[in-house]
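Below is one structure, written out as structure tokens; comments come after it.
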Amino acid sequence: MSPDRITLKGLRARGRHGVLAAERELGQEFVVDATLFLDTAPAAAGDDLTKTVHYGELAQALVEVVEGEPVELIETLAQRLADVCLAGEPVRKVEVSVHKPAAPIPLPFDDVIVTIERSRG
């Protein structure tokens with residue numbers, strides 16, 4: 001496994017995910033971090049975008065998931081985002097964090113984060 005990584009950090013999108021009805025009605029901002037593990041040497045050797053991950057297209061696909069069909073758990077949202085990241089052929093492993101900074105917690109806090117790691121079967 002190559003130690004090469006491509007990281008997309010702080011991607012923001014509005015979604016309607018959560019257990020509470022108000023979260024689904026009003027929506028809120030979610031922040032996504034994704035680190036993709038792959039071998040970037042073939043892309044670098046030929047200066048060839050087709051042999052790596054187009055991070056602009058990846059960002060758009062991840063935003064579409066966040067803005068798409070609501071789920072109750074950010075664990076489920078993180079899995080859907082990981083599935084999108086793993087769809088790219090050179091990607092072997094991914095770590096995805098979903099931040100929910102406006103989670104309905106009636107106490108002072110900075111953030112709620114669910115982080116998952118997934119690999120190709």
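- Under the 4.5 Å side-chain criterion, counting only non-hydrogen atoms from C-beta, Val96 is not in contact with Asp33.
- Hydrophobic clustering of Ile, Leu, Val, Met, Phe, Trp and Tyr side chains at less than 4.5 Å, counting indirect connections, unites Ile116 with Leu38.
- Partners of Thr115 by side chain to side chain donor-acceptor pair (under 3.5 Å), not counting sequence neighbours, listed by chain and number: Ser97.
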Donor-acceptor contacts, no H, no angles, side chain residues 55-73, under 3.5 Å, sequence neighbours left out:
from  : atom 1 : to    : atom 2 : distance (Å)
Gln60 : NE2    : Glu64 : OE2    : 3.4

(request) Apply the test side chain to side chain contact (heavy atoms under 4.5 Å, CB included) to residues Val31 and Leu11: give CA-CA distance (whole Å), side-chain angles for both, the deciding distance (0.1 Å), then the verdict. (result) CA-CA 5 Å; Val31 182; Leu11 183 65; over 6 Å; no
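- Residue pairs meeting the salt bridge (Lys or Arg N to Asp or Glu O under 4.0 Å) criterion with at least one member in residues 6-32, sequence neighbours excluded: Arg12-Glu29, Glu23-Lys100.
- Within the structure, salt bridge (Lys or Arg N to Asp or Glu O under 4.0 Å) pairs that include any residue of residues 104-117 comprise Lys93-Glu117 (at least two apart or interchain).
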(request) Applying side chain to side chain contact (heavy atoms under 4.5 Å, CB included), run through Leu36 and Arg5 and close with a yes or a no. (result) CA-CA 5 Å; Leu36 289 64; Arg5 295 180 296 282; over 6 Å; no
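- Contacts classified as salt bridge (Lys or Arg N to Asp or Glu O under 4.0 Å) and involving residues 41-55 (residues at least two apart or in different chains) are not found.
- Distance check, rounded to the nearest 0.5 Å: CZ of Arg80 to SG of Cys85 gives 14.5 Å.
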(request) Could you go through the side chain to side chain contact (heavy atoms under 4.5 Å, CB included) check for Leu8 and Val32 one step at a time? (result) CA-CA 8 Å; Leu8 181 60; Val32 176; over 6 Å; no
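- Counting only distance, with no hydrogens or angles, the side chain of Arg118 and the backbone of Glu95 share no donor-acceptor pair below 3.5 Å.
- Every residue two or more places apart in sequence or in another chain that forms a side chain to side chain contact (heavy atoms under 4.5 Å, CB included) with Leu49 is listed here: Thr52, His54.
- Applying the ring-ring contact (aromatic ring centres under 6.0 Å, His included) criterion to His99, with sequence neighbours excluded, gives no partner residue.
- For residues 10-35, the ring-ring contact (aromatic ring centres under 6.0 Å, His included) pairs, not counting sequence neighbours, are His17-Phe30.
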